[in-house]
Amino acid sequence: MTNRTFTMIKPDATEKGSTGGILQMINEAGFRIVAMKLTHLSAEKAGQFYAVHKERPFYGELVEFMSRGPITAAILEKDNAVEDFRKLIGATNPADAAEGTIRKKYATSIGENAVHGSDSDDNAAIEGDFFFSKLEQF
Ligand code: CMP
């Protein structure tokens with residue numbers, strides 16, 4: 001399944017009421033939403049999701065941030081989804097994000113960067129399955 005990616009609209013963007021604007025940018029860029037939910041990660045679940053970053057100095061801060069409030073998790077479909085979505089969201093650090101990207105418009109800092117996007121097809125499948133059963137993926 002090379003045409004799907006996974007995203008989260010993070011707690012900072014939820015708090016600011018940016019969810020609708022971000023979903024509009026996602027739709028206008030040609031992505032189809034095939035699964036979506038508003039949920040609130042426990043610290044334990046956020047830690048599991050970002051386990052790959054466990055040794056990084058920012059891991060504790062990341063887990064605290066991601067469990068601070070509700071997120072919107074979604075699976076998106078489009079040709080070349082992983083790469084095209086990473087282009088749409090822009091660089092991890094919003095200071096480096098290109099004009100017209102989601103992070104340029106909505107992110108605050110490298111930590112509070114409004115959205116997550118999978119970095120590979122394999123991780124897109126793993127991350128989507130973390131939040132959604134197969135019956136919830138259309
Ligand atoms: P994301 O694309 O979700 O993947 C890992 C997350 O870790 C990243 O977005 C940021 O939210 C966070 N992150 C990456 N680098 C840093 C950093 N230097 N300081 C704080 N948080 C970071």
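Each ligand, and each atom within it, is numbered from 1 in the order the structure gives.
Between Phe6 and Phe131, the angle of the ring planes stays under 30°, which puts this pair in the parallel group of the 30/60° scheme.
Interface atoms of ligand 1 facing His53, defined by a heavy-atom separation under 4.0 Å, are 5 (C). Atoms of ligand 1 found under 4.0 Å from any heavy atom of Arg103 (numbered from 1 in listed order, with element): 2 (O).
Side-chain contact between Ile26 and Val115 is absent, with no heavy atoms from C-beta onward closer than 4.5 Å.
If you check each of Phe65, Phe49, Phe58 against atom 7 (O) of ligand 1, the one with the closest non-hydrogen atom is Phe58. Relative to atom 11 (O) of ligand 1, the option among Gly111, Ala107, Ala114 with the closest non-hydrogen atom is Gly111.
Counting heavy atoms closer than 4.0 Å to ligand 1, residue Arg56 contributes nothing at all. Residue contacts with ligand 1, taken as heavy atom pairs separated by less than 4.0 Å, do not involve Glu112 at all. Counting heavy atoms closer than 4.0 Å to ligand 1, residue Ile110 contributes atoms from both its backbone and its side chain.
Of the residues Ile71, Leu38, Thr72, the one that meets the side-chain contact (heavy atoms from CB on, under 4.5 Å) test with Thr19 is Thr72.
Geometrically, Lys45 does not engage Tyr50 in a cation-pi contact defined by less than 6.0 Å to the ring centre and at most 45° from the axis. Judged by the 6.0 Å and 45° rule, Lys78 forms no cation-pi pair with Phe85.
Looking at atom 8 (C) of ligand 1, its nearest protein heavy atom turns out to be Asn113 ND2, 3.8 Å. Atom 4 (O) of ligand 1 has as its closest protein heavy atom Tyr50 CE2, 3.7 Å.
Close N/O approach between Thr92 and ligand 1 is not found [any backbone or side-chain N/O within under 3.5 Å]. Note: no N/O pair closer than 3.5 Å links Glu61 and ligand 1 by distance alone.
Salt bridge present: Arg68 and Glu112 bring a charged side-chain N and a carboxylate O closer than 4.0 Å.
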Please report the C-alpha distance between Lys134 and Asp129 in whole Å, then the side-chain angles of each, then the deciding distance to 0.1 Å, and finally whether the salt bridge (Lys or Arg N to Asp or Glu O under 4.0 Å) criterion is met.
-> CA-CA 7 Å; Lys134 292 293 180 205; Asp129 290 346; 3.1 Å; yes

For Arg86 and Asp119, what are the C-alpha separation, side-chain angles and deciding distance, and is it a side-chain contact (heavy atoms from CB on, under 4.5 Å)?
-> CA-CA 8 Å; Arg86 286 177 75 85; Asp119 63 4; 3.5 Å; yes

